[in-house]
Amino acid sequence: MNTGKGLIFLGPPGSGKGTQAQELSKELNIPHISTGEMLREAIAKQTALGQKAQAYVDKGELVPDELLLGLIEERLNEEDAENGWILDGFPRNVPQAEFLDQLLQKLDKFSEQAINLEVPDEVIIDRLLLRGRKDDNEATIRRRLEVYREKTQPVLDYYRQQDRLSSVDGNRKLQEVTKTLKTVVA
Ligand code: AMP
């Protein structure tokens with residue numbers, strides 16, 4: 001039974017996926033789930049997860065899967081995620097995508113759609129330097145882009161092969177991108 005909508009926002013750091021996910025989350029009334037946000041919160045509170053994750057986040061490396069998979073499973077089982085959700089920053093590698101598929105098969109109620117926000121590298125670097133988060137310094141940005149190419153790009157192929165990927169030009173005004181996204185997910 002496919003009742004809910006599971007949207008997976010892919011795209012490099014700085015592609016605007018967090019902002020767009022937030023907009024669409026309000027529009028569709030489904031939660032915006034950002035693993036980066038969850039990790040930053042855990043780090044700020046210095047929880048056990050936060051302490052383990054901090055060095056990876058600071059360096060722009062992926063946090064090991066075993067720290068995140070249980071967290072995502074719990075989050076997707078929460079009540080507000082019953083009718084759908086927007087995932088932002090997960091899956092970041094193919095094993096995470098496979099884990100998500102298995103999880104959703106168990107829940108048996110979602111049709112997943114992956115969306116790739118396309119933005120050229122030079123625009124990304126400018127945007128990230130302007131944003132000024134702790135992990136937005138030039139060395140970490142460079143590493144995050146490399147990690148994106150190595151680990152996350154194959155996730156695009158994973159969804160493309162299953163015919164579940166839509167690509168949207170993210171190098172436009174915020175409102176124009178939102179407008180396109182609304183038609184793509186409708
Ligand atoms: P983001 O806010 O999505 O740019 O994520 C910030 C940082 O959190 C990333 O550079 C990673 O260190 C970590 N992170 C977020 N999501 C994941 C994930 N799905 N798998 C591994 N690490 C992640």
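All values below were derived from every heavy atom in this structure, side-chain atoms included, with hydrogens, water molecules and symmetry-related copies excluded. Read the numbers this way: they start at 1 and go in the same order the structure lists the ligands and their atoms. This is a predicted model, so every value here is computed, not measured.
The shortest N or O to N or O distance between Ser34 and ligand 1 is not under 3.5 Å. For Thr35, a nitrogen or oxygen atom sits less than 3.5 Å from a nitrogen or oxygen atom of ligand 1, counting backbone and side chain alike. Ligand 1 has no nitrogen or oxygen under 3.5 angstrom from a nitrogen or oxygen of Asp135.
In terms of protein heavy-atom proximity, atom 19 (N) of ligand 1 is closest to Gly89 O, 2.9 Å. At the top of the distance list for atom 2 (O) of ligand 1, counting protein heavy atoms only, stands Arg40 NH1, 3.0 Å. Of all protein heavy atoms, the one lying nearest to atom 22 (N) of ligand 1 is Val63 N, 3.0 Å. When hydrogens are left out, the protein atom nearest atom 13 (C) of ligand 1 is Leu39 CD1, 3.5 Å; that is the closest non-hydrogen contact. With respect to atom 12 (O) of ligand 1, the closest heavy atom belonging to the protein is Glu61 O, 2.6 Å. Here the heavy atom of the protein found nearest to atom 18 (C) of ligand 1 is Leu68 CD1, 3.2 Å. Counting only heavy atoms of the protein, atom 9 (C) of ligand 1 lies nearest to Arg92 NH2, 3.3 Å.
Side-chain heavy atoms closer than 4.5 Å link hydrophobic residues (I, L, V, M, F, W, Y) into clusters, and following such links, even through other members, never connects Leu49 to Leu62.
Across Ile8, Val155, Leu10, a single residue satisfies side-chain contact (heavy atoms from CB on, under 4.5 Å) together with Leu165, and that is Leu10.
Distance alone, capped at 3.5 Å, places no donor-acceptor pair between the Glu112 side chain and the Tyr159 backbone.
Here the CD-NZ distance, from Glu176 to Lys179, works out to 7.5 Å after rounding to the nearest 0.5 Å.
Checked for salt-bridge contact, Glu78 and Arg75 meet the test: a charged N lies under 4.0 Å from a carboxylate O.
For Gln20 and Thr178, the side-chain atoms include at least one donor-acceptor pair closer than 3.5 Å.
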